[in-house]
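Below, all heavy atoms of this structure are taken into account, side chains as well, without hydrogens, waters or symmetry copies. Small disclaimer: the values here were computed from a predicted structure and weren't measured.
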Amino acid sequence: MVTLLLDSTQLEVALSPVERALARRRDAVRVERTHIRKVQLTDDAWTWLRGVPSPGTLVRGTVAMGTWTSASGDDFVVVRRRHPAVVVDLEDDAAFSRLVLTTRHGLALVHALRLDVPGDGPTAIS
(Lines give C-alpha, C1' and ligand atoms only; values in the text may rest on other atoms or scores of the structure.)
Protein backbone atom coordinates (compact mmCIF):
# COMPACT_ATOMS: atom_id res chain seq x y z
CA MET A 1 0.00 0.00 0.00
CA VAL A 2 1.08 3.52 -0.69
CA THR A 3 2.51 5.75 2.07
CA LEU A 4 0.94 9.18 2.47
CA LEU A 5 2.75 11.98 4.30
CA LEU A 6 0.68 14.98 5.30
CA ASP A 7 1.86 18.20 6.88
CA SER A 8 0.38 21.67 7.12
CA THR A 9 1.37 22.61 3.55
CA GLN A 10 1.35 19.48 1.39
CA LEU A 11 0.32 15.88 0.83
CA GLU A 12 3.12 13.62 -0.36
CA VAL A 13 2.55 10.23 -1.96
CA ALA A 14 5.78 8.38 -1.13
CA LEU A 15 6.41 5.46 -3.47
CA SER A 16 8.41 2.31 -2.78
CA PRO A 17 11.03 1.29 -5.36
CA VAL A 18 8.59 -1.23 -6.89
CA GLU A 19 5.81 1.38 -7.02
CA ARG A 20 8.18 3.88 -8.65
CA ALA A 21 9.08 1.32 -11.31
CA LEU A 22 5.46 0.36 -12.02
CA ALA A 23 4.33 4.00 -12.03
CA ARG A 24 7.35 4.89 -14.17
CA ARG A 25 8.08 7.80 -11.88
CA ARG A 26 11.32 8.75 -10.16
CA ASP A 27 10.00 11.05 -7.45
CA ALA A 28 7.17 11.15 -4.96
CA VAL A 29 3.99 12.97 -5.92
CA ARG A 30 3.57 16.19 -3.93
CA VAL A 31 0.35 18.19 -3.82
CA GLU A 32 -0.11 21.51 -2.10
CA ARG A 33 -2.79 21.19 0.54
CA THR A 34 -4.55 24.26 -0.86
CA HIS A 35 -5.03 22.40 -4.18
CA ILE A 36 -7.14 19.66 -2.55
CA ARG A 37 -10.84 20.22 -3.36
CA LYS A 38 -12.49 17.00 -2.22
CA VAL A 39 -11.55 13.65 -0.67
CA GLN A 40 -13.76 10.56 -1.00
CA LEU A 41 -13.49 7.00 0.22
CA THR A 42 -14.32 4.09 -2.08
CA ASP A 43 -14.39 0.31 -1.85
CA ASP A 44 -13.72 -0.06 -5.59
CA ALA A 45 -11.00 2.21 -6.95
CA TRP A 46 -11.23 0.60 -10.40
CA THR A 47 -14.48 2.47 -11.12
CA TRP A 48 -12.63 5.77 -10.62
CA LEU A 49 -9.99 5.15 -13.29
CA ARG A 50 -10.43 7.22 -16.43
CA GLY A 51 -8.30 7.38 -19.54
CA VAL A 52 -5.23 5.34 -20.39
CA PRO A 53 -1.86 4.82 -18.68
CA SER A 54 0.62 7.32 -20.06
CA PRO A 55 3.15 6.41 -18.61
CA GLY A 56 2.05 3.70 -16.26
CA THR A 57 1.33 0.02 -15.73
CA LEU A 58 -2.02 -1.74 -15.98
CA VAL A 59 -2.74 -5.38 -15.19
CA ARG A 60 -6.55 -5.46 -15.08
CA GLY A 61 -7.97 -6.38 -11.69
CA THR A 62 -4.49 -6.60 -10.16
CA VAL A 63 -2.55 -3.34 -10.40
CA ALA A 64 -2.84 0.11 -11.95
CA MET A 65 -0.02 2.58 -11.28
CA GLY A 66 1.15 5.75 -12.90
CA THR A 67 -0.31 8.69 -14.78
CA TRP A 68 -3.68 8.17 -16.44
CA THR A 69 -4.43 10.61 -19.25
CA SER A 70 -7.99 11.47 -20.25
CA ALA A 71 -9.97 14.37 -21.69
CA SER A 72 -10.55 15.50 -18.08
CA GLY A 73 -6.80 15.81 -17.42
CA ASP A 74 -4.08 13.69 -15.88
CA ASP A 75 -4.74 11.51 -12.83
CA PHE A 76 -2.13 9.79 -10.69
CA VAL A 77 -3.17 6.32 -9.58
CA VAL A 78 -1.79 3.60 -7.32
CA VAL A 79 -4.46 0.88 -7.24
CA ARG A 80 -3.96 -2.67 -6.04
CA ARG A 81 -6.56 -5.41 -6.36
CA ARG A 82 -9.94 -4.68 -4.73
CA HIS A 83 -8.73 -2.86 -1.63
CA PRO A 84 -10.32 0.31 -0.17
CA ALA A 85 -9.04 3.52 -1.67
CA VAL A 86 -9.17 7.27 -1.38
CA VAL A 87 -9.99 9.60 -4.29
CA VAL A 88 -8.55 13.12 -4.02
CA ASP A 89 -9.92 15.72 -6.45
CA LEU A 90 -7.54 18.61 -7.08
CA GLU A 91 -7.80 22.20 -8.31
CA ASP A 92 -7.27 22.99 -11.99
CA ASP A 93 -3.79 24.47 -11.46
CA ALA A 94 -2.41 21.34 -9.73
CA ALA A 95 -0.12 18.92 -11.59
CA PHE A 96 -2.87 16.26 -11.57
CA SER A 97 -6.66 16.46 -11.72
CA ARG A 98 -7.16 13.56 -9.34
CA LEU A 99 -5.31 11.06 -7.16
CA VAL A 100 -6.73 7.55 -6.82
CA LEU A 101 -4.80 5.68 -4.12
CA THR A 102 -5.31 2.29 -2.51
CA THR A 103 -4.83 2.66 1.24
CA ARG A 104 -6.23 1.21 4.44
CA HIS A 105 -6.00 4.60 6.06
CA GLY A 106 -8.30 6.65 3.88
CA LEU A 107 -10.51 7.57 6.82
CA ALA A 108 -7.46 8.81 8.75
CA LEU A 109 -6.49 10.95 5.74
CA VAL A 110 -9.97 12.46 5.56
CA HIS A 111 -9.84 13.33 9.27
CA ALA A 112 -6.29 14.69 9.02
CA LEU A 113 -7.22 16.93 6.10
CA ARG A 114 -10.02 18.48 8.15
CA LEU A 115 -7.58 19.61 10.82
CA ASP A 116 -6.58 23.23 10.40
CA VAL A 117 -4.04 23.16 13.24
CA PRO A 118 -0.47 22.92 11.89
CA GLY A 119 1.59 20.15 13.45
CA ASP A 120 5.26 20.00 14.35
CA GLY A 121 6.06 17.72 11.42
CA PRO A 122 4.60 15.48 8.76
CA THR A 123 2.06 12.83 9.63
CA ALA A 124 2.70 9.43 8.04
CA ILE A 125 -0.37 7.59 6.83
CA SER A 126 0.44 4.24 5.23
Requested in this report: Evaluate side-chain contact (heavy atoms from CB on, under 4.5 Å) for Lys38 paired with Val87, printing each intermediate quantity in order.
Outcome: CA-CA 8 Å; Lys38 183 168 57 170; Val87 179; over 6 Å; no
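Among all heavy-atom pairs drawn from Ala28 and Ala14, the shortest one is CB-CA, 4.2 Å. In terms of heavy-atom proximity, Glu91 sits nearest to Thr34 at CG-O, 4.0 Å. Closest of all the heavy-atom pairs between Leu41 and Gly106 is CD2-C, 3.4 Å. Trp46 and Arg81 get closest at one heavy-atom pair: NE1-O, 2.5 Å. Here the closest heavy-atom approach between residue Val77 and residue Trp68 is recorded as CG2-CE3, 3.3 Å. Closest approach of Ser72 and Ser97 over heavy atoms only: O-OG, 3.2 Å.
Hydrophobic clustering (ILVMFWY, side-chain heavy atoms < 4.5 Å, transitive): Val63 and Leu15 are in one cluster. Leu58 and Leu22 sit in two unconnected hydrophobic clusters of ILVMFWY residues. Membership requires side-chain heavy atoms under 4.5 Å apart, directly or through other members. Cluster membership for Leu4 and Ile36, using ILVMFWY side-chain heavy atoms within less than 4.5 angstrom, is shared. Val39 and Val78 fall within a single hydrophobic cluster, where Ile, Leu, Val, Met, Phe, Trp and Tyr are joined by side-chain heavy atoms under 4.5 Å apart, directly or via other members. In the hydrophobic clustering of this structure, Leu49 does not group with Val52; members are Ile, Leu, Val, Met, Phe, Trp, Tyr whose side-chain heavy atoms approach within less than 4.5 Å, directly or through other members.
Looking only at side-chain heavy atoms (C-beta outward), Met65 and Arg80 come within less than 4.5 Å of each other. Side-chain contact check for Leu99 versus Asp75: every heavy-atom pair is 4.5 Å or farther apart. A 4.5 Å side-chain heavy-atom check between Arg20 and Arg25 finds every atom pair outside the cut-off. A 4.5 Å side-chain heavy-atom check between Leu109 and Thr103 finds every atom pair outside the cut-off. Considering only heavy atoms from C-beta on, Thr102 stays 4.5 Å or farther from Val2 through its side chain.
Rounded to the nearest 0.5 angstrom, Asp89 CG and Phe96 CZ are separated by 14.0 Å. Note that CZ of Arg37 and CG of Asp92 are 6.0 Å apart. Values are rounded to the nearest 0.5 Å. Taken to the nearest 0.5 Å, the NE2 atom of His35 stands 15.0 Å off from the CZ atom of Arg30. Atom CD in Glu12 sits 10.5 Å away from atom CG in Leu6 (nearest 0.5 Å). Atom CG of Asp43 is separated from atom CZ of Arg82 by 11.0 Å, given to the nearest 0.5 angstrom.
Under a 3.5 Å cut-off, the side chain of Arg98 and the backbone N or O of Trp48 do form a donor-acceptor pair.
For the side-chain contact (heavy atoms from CB on, under 4.5 Å) with Arg33, the lone residue among Leu11, Leu113, Thr9 that qualifies is Leu113.
Within a 6.0 Å sphere centred on CG of Asp93, other residues, nucleotides and ligands contribute more than 12 heavy atoms.
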